[in-house]
Amino acid sequence: MKTSIATVSLSGTLPEKMQAAAAAGFQGIEIFENDLVQFEGSAADICQLAADLQLEIIALQPFRDFEAMPEPYRTQNFYRAQQKFELMHQLGTKKLLICSNVSPHLINDKARAAADLHELAELAQQEGFSIGYEALAWGRYTADYGDAWDIVKQADHDSLGIILDNFHMYARGNTLDILRDEIPVDKIALVQVADAPALQMESLYYSRHFRCFPGQGDMKVKEFVQCLQDKGYTDYLSHEIFNDEFRSSPAPQKAVDGMRSLIWLAEQTTAPDTDKQEASEQQDNEQIQDVEFIEFALPEGVDNPLFQLLEALGFRETHHHRSKKVTLMQQGGINLVLNREPSSQAHEHYKTHGSSVCALALSTGNLQRSFDRAAQYHCASFMNQAGPGELNIPAIRAIGDSLIYFVDDQCKVNFYDVDFAPIAGIEKAGIGLERIDHIGQTVAHTDFLSAAFFYKSLLEFDITPSQDLPDIYGLIVSRLAVSQNKKVRIALNMTSTSKASSQRFLDKTKGSGVQQIAFSCSDIFATASAIPAALLLEIPNNYYLDLAARFGLDKALLTRLRSHNLMYDRSEEGEFFHCYSKEVNGVFFEIVQRVDNYQNYGEGNAHVRLAAQSRQYKAQLNE
Ligand code: MG
């Protein structure tokens, strides 16, 4: 199917929107008339710009409150339509989008609506144009697409078709049955796609503020597109997204997100089901396997609080890079790379963000496939890895200014055994940390959908629905991105408030990044004992009183938990023990022990942890 986006979906002026759409690779655009009305040039200028950018203007939209009106509105509407036809000649577009009438003057008569649309289609045909009719979910008498189809069918004109917008269909609770069984492909004038989180609210407000790109929300857009595909529809899929965050985000970035969404939709709806199953079994072995290492950008020397915190967690520099100011820390199955090399990507990251995580290395079962997917999804590669200061591993640009390295078994051998040499006289230390349990990345609220979809589309991670975590100074919203084998778990956090933990991190580190790293262990009491108490986040006594009431824990266990500032959770699957380090440059570490098959993250404790972190932050301000 061909790719298009309505200009209302992007921020900026009309030329800025068009340039962003073209740069992202869209073939077509729908011109949202407000964008044209507020543009200082002429419609012919837009026609020329579209030609220069090789964008087809697939439609002008929307034309409102047209059908089944009494006089004098009816005559005025036909006059208005003639003016729009003239404008369409100047714009170089051949299709006008008509959305169902919401006027208080509207007559509830399908036959009149059909007759008006027939008459307008006849006029459009004389101009070489066609019209499409769309049911708005809040249309006064035509709100379901089945009713719009009844009117289009009754109007019976070659230059009139139905516009299918899955947002309206799903917001009304419509099924795909009428589309599947009744609507011929040649009567589909245009298909608009949009997603949205599952929310219960009035449909006009829902539509104007919460739409997002397909794959970013909870609607069954995939099934809708699959249905069209099965019918043999091959024309445009066009995004029509009204979203407050999109309006306040750079158009080029959102246009790329929109293109990724259509690529993802195409990927999800191409192969027949039987092939999909075989392909998916093969892909399981080729996907992201684990976090191979985490790279930190640090200043020269060891007089650095983040470095010192890592040492307090039992990490030692065990290997040095043979040619660069890069060292390796290992503990259990955890590899941390400390990059202090000048003139490197890491150093650039350090200059902007301070001591921080600058890259994640993910192991993959098929290196070429991982890079091919990144290219397919318009993700920039980081290719100057052979330059001074760069690790000899290819990478892609990821969240914020960070990188993701892809490594396979051969890369690991080259990296650890060829690039690094053991540091003499250093014995492997450790306090029982075994592997990276999960990672927390904090992003600006305008990047939240985009970041989750990055993991979902490029890396084929599953994304959980959003969860609210109450911070003492606001609300944090969190979603999890989890690899297919469940070994890589990345919590994505954001806030819309100015003082919550996530915003403090963004302010401190000047942008999105890794705020949290959780390490797992098998004996958390022993591990926590090995960490200086002053470095652990202090948990208030009231938490333990509540814990006793909630779980009926015995006094001895409560005392042990309290003495190490440990938190606790229990589910039907098992138990969870965890504690937190204090923050350094906004970054903190968590130590976790999962007992039996506990799969959660102690979410019920998050508000106590967030309040404790706010206390630490205030205490540091007063120091
Ligand atoms: Mg629409």
Side-chain angles (χ1 to χ4, degrees), residues 1-10 17 21 26 28-36 57-67 84 88 93 95-103 113 117 130-149 151-152 160-174 176 178-179 183 187-196 201-217 219-221 224-225 227-228 233 235-244 246-247 254 258 261-262 265:
M1 294 178 204
K2 295 189 279 186
T3 57
S4 167
I5 187 166
T7 55
V8 71
S9 314
L10 301 171
K17 291 168 187 241
F26 283 95
I29 49 165
E30 293 176 58
I31 299 277
F32 185 65
E33 199 174 358
N34 280 5
D35 287 326
L36 183 63
I57 299 179
I58 66 167
L60 174 67
Q61 65 126 313
F63 192 72
R64 299 186 192 278
D65 297 340
F66 169 74
E67 77 281 14
K84 297 308 165 192
M88 287 164 66
T93 188
K95 197 170 289 171
L96 182 67
L97 268 60
I98 298 179
C99 42
S100 61
N101 203 326
V102 299
S103 166
L117 286 170
S130 63
I131 57 177
Y133 183 57
E134 174 186 33
L136 296 181
W138 53 93
R140 189 150 171 229
Y141 299 125
T142 307
D144 296 318
Y145 83 105
D147 287 331
W149 172 236
I151 292 169
V152 168
L160 171 68
I162 186 168
I163 293 169
L164 298 169
D165 178 330
N166 76 271
F167 179 90
H168 294 296
M169 294 161 66
Y170 287 142
R172 290 282 300 174
N174 295 163
L176 300 176
I178 295 170
L179 170 60
I183 302 178
K187 292 304 285 182
I188 299 174
L190 181 66
V191 175
Q192 294 174 323
V193 285
D195 208 336
M201 68 176 72
E202 187 269 323
S203 58
L204 175 58
Y205 193 80
Y206 187 29
S207 174
R208 292 284 161 81
H209 300 280
F210 292 96
R211 288 188 183 219
C212 55
F213 290 126
Q216 294 183 336
M219 283 184 164
K220 294 183 172 177
V221 191
F224 172 64
V225 175
C227 183
L228 289 162
Y233 179 83
D235 208 341
Y236 277 102
L237 282 188
S238 188
H239 288 302
E240 191 190 39
I241 315 293
F242 306 85
N243 182 298
D244 301 343
F246 287 23
R247 289 175 203 273
K254 290 298 172 201
S261 165
L262 291 182
L265 266 179

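All ligand and atom numbering here is 1-based and tracks the order in the structure.
Qualifying side-chain hydrogen bond (donor to acceptor under 3.5 Å, both in side chains) partners for K220, counting only residues two or more places apart in sequence or in other chains: none.
Using bins of under 30°, 30° to 60° and over 60° for the plane-to-plane angle, the ring pair F242/F32 lands in the perpendicular bin.
L179 is listed as a side-chain neighbour of I188, based on a closest heavy-atom distance under 4.5 Å.
The tally of protein N/O/S atoms under 2.8 Å from the Mg ion (ligand 1) stands at 4.
When atom types are taken as modelled, the side chain of D65 and the backbone of V102 share a donor-acceptor pair closer than 3.5 angstrom. Panel note: side chain K254, backbone S9; no donor-acceptor pair is recorded below 3.5 Å.
A ring pair (Phe, Tyr, Trp, His ring centres under 6.0 Å) with F167 holds for exactly one of Y206, Y145, W138; it is Y206.
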